[in-house]
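First up is the structure itself, then whatever we jot down about it.
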Amino acid sequence: MYALVDCNNFYASCERVFNPKMEGKPVVVLSNNDGCVIARSNEAKEMGVPMGAPAFEYEKMFEQNNVQVFSSNYALYGDLSDRVMKVLSRFTPNIEMYSIDEAFLDLSNFPYHDLEKYCANIRRTVIQETGIPVSIGAAATKTLAKVANRYAKKRKREIGVHILNLQEEINHALTATDIEDVWGVGGQYAKLLKGTGIRTAFEFTLLQEEWVRKNIHVTGLKTLLELRGVPCYSLEQVPPAKQGICTSRSFGTLVTDYTTLQESVATFASRCSEKLRKQHSVAAMLQVFVHTNPFREQDPQYFNSKSVILSTPTNVSYDMAKAAITGLKMIYRKGYNYKKTGVMVTGITPEQSVQLSMFEHPKFAKNKSVMQSVDRINKIMGRDKVRLTAMGFDRTWKLRQEKKSPCYTTRWSDLLTIQV
DNA sequence: TCTGGGGTCCTAGGACCC
DNA sequence: TCTGGGGTCCTAGGACCC
């Protein structure tokens, strides 16, 4: 049996932990740049705020209904996520941290008649020790555990736990699940399936395997089998090494000049290098992209990207920033309002197994110790305390974040004070 | 009239997830 | 005026190899 533990309305719940006045009130959290709604409390959902809603369209509605609005605070969410995962790890050694707010637990070794109690205990402990409410669904496959979790969240809100074990119960839950709510079925396939008369997860399980294989490919077939109780996905306790790493941002204001774009691109390249060093790997290729704002239809639009091959795979900030700037120079065009740039690195391999370039003088040891020192200083003194000049110092392109809550758990100056 | 067979690697595009 | 960011997998097609 797999259990899926999913934090309820995670970002919204995080905002409430240190601000209990918001209990029972509508809360929404916005994406970077305060752009879209990416998390909603139940109250906000019930008021009809859709996922992904542009914040500016709902500004009045938020005001009229006293909705608490927050910019996203990833330092806070990341830290609370770690705490939740730590609590879960006490209940089983076999855990897969699937996303910032979800974990699969392998409960195969637990006697089946205790499962409901055991899950209820997990749920109680998490909320008591972290303040984050969770829902738990358990079943024989991951996809069915997802179904069970959704069922627990929607129909058993008070209990918050649902176990799918008997075929009768499974069929009932599958019938109550719309096809577009199945894990692995997105908008496009849901449309296709509805076109052929399939509306629920249960109806989907009755389809022929060949048809699914042909029209929704092997991923669809795996979903079908998982819903029938045949496990196709196992627990991934050790996250596989990343194949690509990307850092990109939309700008708070539109950018037209080359220098500012270059500063942003150098910053993102440096950030990618940090991420690579953190996982002890190097990248062989770097891609830089720029684009204008597609929502401003009156503006001339420009999307472009350029790949740069790194002669020797690297994770050294200045090498990568240099490559990114080389690429940017090739695609920069005057006369556009740029909205977003980004840097992506691929061809990722372990640091220890780098193939040296035939024509380059090996200066690995030196670069490595410089980077290690920079990382160490920045860890103690704060991000970008030591930085590349190319990154600039003004950050005129920075994010808009007007409603960010304090970093209650990761910054001394933001520590909550209580007056008695 | 006829034109081999069996591969790999890379990229782009489309689907999906949170 | 204002519309996020970071990933995965699969397939098809082209270029290449012997």
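In the text below, chain A, chain B and the rest are named by the order of the sequence lines, each starting its count at 1.
- Looking at residues two or more places apart in sequence or on another chain, you find a salt bridge (charged side-chain N to carboxylate O under 4.0 Å, His left out) between A:Arg199 and A:Glu203.
- Looking at heavy-atom distances under 4.0 Å, A:Thr247 makes contact with sugar-phosphate atoms alone, never a base.
- Scanning residues 229-244 of chain A for heavy-atom distances under 4.0 Å to DNA chain C yields A:Lys242, A:Gln243, A:Gly244.
- How far CE of A:Met1 is from CG of A:Leu115: 5.5 Å, rounded to the nearest 0.5 Å.
- Listed by residue number, A:Val182, A:Trp183, A:Gly184, A:Val185, A:Gly186, A:Gly187, A:Gln188, A:Tyr189 are the residues of residues 175-206 of chain A with a heavy-atom contact under 4.0 Å to DNA chain B.
- Under the ring-ring contact (aromatic ring centres under 6.0 Å, His included) criterion, A:Tyr189 pairs with no residue, sequence neighbours left out.
- Here the range on DNA chain B touched by chain A, meaning any atom under 4.0 Å from one of its heavy atoms, is B:dA15 to B:dC18.
- Atoms OH and OH, from A:Tyr74 and A:Tyr11 in turn, are 4.5 Å apart once rounded to the nearest 0.5 Å.
- Using a 30° and 60° split on the angle between ring planes, A:Tyr302 and A:Tyr336 fall in the parallel class, below 30°.
- A:Ile216 comes within 4.0 angstrom of nothing in the nucleic acid, heavy atoms only.
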Per-residue pairing states of DNA chain B in dot-bracket (Watson-Crick or G-U under 3.5 Å; . unpaired, | other strand) read ....||||||||||||||

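- Here salt bridge (charged side-chain N to carboxylate O under 4.0 Å, His left out) pairs that include residues 85-95 of chain A, with residues two or more places apart or in two chains, are A:Arg90-A:Glu129.
- Using cut-offs of 30° and 60° on the angle between ring planes, the pair A:Tyr332 and A:Tyr258 is perpendicular.
- Scored by the side chain to side chain contact (heavy atoms under 4.5 Å, CB included) test, A:Lys398 finds A:Arg395 as partners (sequence neighbours excluded).
- Within 4.0 Å (heavy atoms only), A:Asp34 reaches no atom of the nucleic acid at all.
- Residues of residues 271-288 of chain A having a heavy atom closer than 4.0 Å to DNA chain B: none are found.
- With rounding to the nearest 0.5 Å, the separation of CZ in A:Phe202 from CD1 in A:Ile170 is 11.0 Å.
- Ring geometry for A:Tyr118 versus A:Phe91: interplanar angle over 60°, hence perpendicular rather than tilted (30 to 60°).
- Partner of A:Asn8 under the side chain to side chain donor-acceptor pair (under 3.5 Å) criterion, out of A:Ser13, A:Ser135, A:Ser41: A:Ser135 alone.
- More than 12 heavy atoms of other residues, nucleotides or ligands lie within 6.0 Å of NZ in A:Lys275, so this atom counts as buried by the packing criterion.
- Each of A:Thr219 and A:Leu254 has a nearest nucleotide on DNA chain C; the 5'-most of these lies closest to A:Leu254.
- Within 6.0 Å of atom NZ in A:Lys368, 12 or fewer heavy atoms from other residues, nucleotides or ligands are found, so the atom counts as exposed in its surroundings.
- Position along DNA chain C of the nearest nucleotide to A:Arg249 versus A:Lys222 favours A:Arg249 as the more 5'-ward residue.
- Applying the salt bridge (charged side-chain N to carboxylate O under 4.0 Å, His left out) test to pairs two or more places apart or on separate chains, none has a residue in residues 230-258 of chain A.
- With sequence neighbours left out, A:Lys385 forms a side chain to side chain contact (heavy atoms under 4.5 Å, CB included) with A:Asn378, A:Met381.
- For residues 318-345 of chain A, no residue pair satisfies the salt bridge (charged side-chain N to carboxylate O under 4.0 Å, His left out) rule, not counting sequence neighbours.
- Contact annotation for A:Asn32: backbone-only contact, meaning every heavy-atom pair under 4.0 Å involves sugar-phosphate atoms and none involves a base.
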